Asker: 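Below is one structure. I have some questions about it.
So that the names make sense, note that chain A is the first sequence line, chain B the second, and so on, each numbered from 1. Everything numeric in this text was worked out from a predicted model, so none of it was measured.
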Number of protein chains: 2
Amino acid sequence: MRPRANLRLPARVRSTPQRRAGLDAIASATGAFTAAEIYDRARATAPKLGLATVYRTIELLRRAGSVRPLAGEGRPAYVRCRPGHHHHLVCVACGSVEETELCAAPPAAELARRYGFAADTHEVDFYGTCRRCA
Amino acid sequence: MRPRANLRLPARVRSTPQRRAGLDAIASATGAFTAAEIYDRARATAPKLGLATVYRTIELLRRAGSVRPLAGEGRPAYVRCRPGHHHHLVCVACGSVEETELCAAPPAAELARRYGFAADTHEVDFYGTCRRCA
DNA sequence: ACGCATTTGAGAATCATTAACAAAGGATGG
DNA sequence: CCATCCTTTGTTAATGATTCTCAAATGCGT
């Protein structure tokens with residue numbers, strides 16, 4: 001729908017047709033996607049592409065912070081991410097995923113004081129209905 | 001460690017030795033647990049217990065709201081839950097899981113206004129170090 | 001105790017993901 | 001343009017958690 005430009009392979013890796021095909025398929029994905037979906041889509045441009053390579057490409061992007069595995073709610077999937085702190089609005093109707101910088105996390109200081117818990121990271125996912133599915 | 005009392009089978013299901021064994025194993029679990037762990041533990045009292053039955057018991061409790069699958073961070077696992085709104089503090093060192101009612105959820109109105117997103121639920125998991133592992 | 005719907009165990013099936021490994025192919029210096 | 005070498009790839013098998021199948025066993029209301 002609205003392919004974002006900021007999706008690149010990390011430096012230090014080779015540019016291959018398979019990676020480009022996978023990257024393009026991910027770049028043009030709307031909302032959440034599965035490895036199998038990317039596999040199907042990318043084979044339109046790279047017919048000999050293997051599923052393992054799709055997983056490898058996703059892993060590259062995940063390490064680069066551009067893709068994040070999306071937990072919970074049935075089938076496994078991934079979402080594109082911009083770097084930096086943000087969370088996800090997951091539409092339970094159409095599966096689209098939007099990012100928001102709004103954060104539902106209580107401050108770490110409060111967790112430390114009340115529970116003695118030193119929070120490193122947190123994950124927040126909102127589930128509901130997006131604008132179009134309303 | 002601190003077995004909670006509020007862990008019961010839903011009404012309308014039969015009380016069997018296998019379910020009781022699974023229930024007890026879950027009730028005495030500290031923090032996160034896997035199906036395999038419950039399986040091993042419960043077989044001490046019900047040697048003929050099958051792994052599938054453990055999954056069935058977990059599913060019963062999940063539907064009752066007493067157990068929740070814990071997403072992310074490597075290995076799959078479950079946590080006991082009390083009913084009602086709360087989130088989890090997951091210790092990445094020892095695996096213990098504590099509940100907190102602290103929640104700074106952005107008001108649904110804010111999500112609706114800024115994104116047109118009607119949020120039904122949200123999930124927040126904190127990953128860090130607990131008091132004992134500090 | 002009876003009867004029957006529920007529950008169970010064992011193992012096969014599924015599904016996503018990873019691992020292994022030999023073959024293919026970029027990138028670089030000559 | 002070419003040889004070299006290290007990266008990358010595809011195929012296939014392996015893994016690991018979970019679910020399914022189905023006949024046999026068993027709660028529990030009557």
Asker: Below 4.0 angstrom from OP1 or OP2 of dT17(C), is there any side-chain N or O of Y78(A)?
Answerer: yes

Asker: Which whole-number value in Å describes the distance from L23(B) CG to dT8(C) P?
Answerer: 12 Å

Asker: I need the CD-C1' distance between E59(A) and dT17(C), as an integer number of Å.
Answerer: 11 Å

Asker: Over how many whole Å does the gap from R62(A) atom CZ to dT17(C) atom P extend?
Answerer: 12 Å

Asker: Can R56(A) and E59(A) be counted as an ion pair, charged N to O under 4.0 angstrom?
Answerer: no

Asker: Do S66(B) and R80(B) get their side chains close enough for a donor-acceptor pair, meaning under 3.5 Å?
Answerer: no

Asker: From the list dG11(C), dC28(D), dT18(D), which nucleotide is the closest neighbour of the side chain of Y55(B)?
Answerer: dT18(D)

Asker: Starting at the 5' end of DNA chain D, which residue's closest nucleotide do you reach first, A46(A) or R14(B)?
Answerer: A46(A)

Asker: Roughly, in whole Å, what's the span from NZ in K48(B) to P in dG11(C)?
Answerer: 13 Å

Asker: Is the shortest side-chain N/O distance from R19(B) to OP1 or OP2 of dT8(C) below 4.0 Å?
Answerer: yes

Asker: Roughly, in whole Å, what's the span from CZ in R20(A) to P in dG26(C)?
Answerer: 8 Å

Asker: Taking atom types as modelled and ignoring hydrogens, do the side chains of T34(A) and Y78(A) form a donor-acceptor contact shorter than 3.5 angstrom?
Answerer: no

Asker: Check whether any side-chain nitrogen or oxygen of Q18(B) sits under 4.0 Å from OP1 or OP2 of dG9(C), and answer yes or no.
Answerer: yes

Asker: Under a 4.0 Å threshold between the charged nitrogen and the carboxylate oxygen, would E110(B) count as salt-bridged to R113(B)?
Answerer: yes

Asker: Phosphate oxygens OP1/OP2 of dG27(D): is one of them under 4.0 Å from a side-chain N or O of T16(B)?
Answerer: no

Asker: Using atom CG of L51(A) as one end and atom P of dT18(C) as the other, report the distance to the nearest whole Å.
Answerer: 11 Å

Asker: Please state how far atom CD1 in I58(B) lies from atom P in dT8(C), giving the value in whole angstrom units.
Answerer: 13 Å

Asker: Does a side-chain N or O of T34(B) approach OP1 or OP2 of dA17(D) to a distance below 4.0 Å, or not?
Answerer: no

Asker: From CG of L9(B) over to C1' of dT8(C), roughly how many Å is that when rounded to an integer?
Answerer: 15 Å

Asker: So if I take every side-chain heavy atom of R56(A) and compare against dG10(D), dC28(D), dT18(C), which nucleotide ends up nearest?
Answerer: dG10(D)

Asker: Out of dA10(C), dT18(D), dG27(D), which nucleotide sits closest to the side chain of P17(B)?
Answerer: dG27(D)

Asker: Under a 3.5 Å distance rule, please check whether S28(B) uses its side chain to pair with a backbone N or O of D24(B) as donor and acceptor.
Answerer: yes

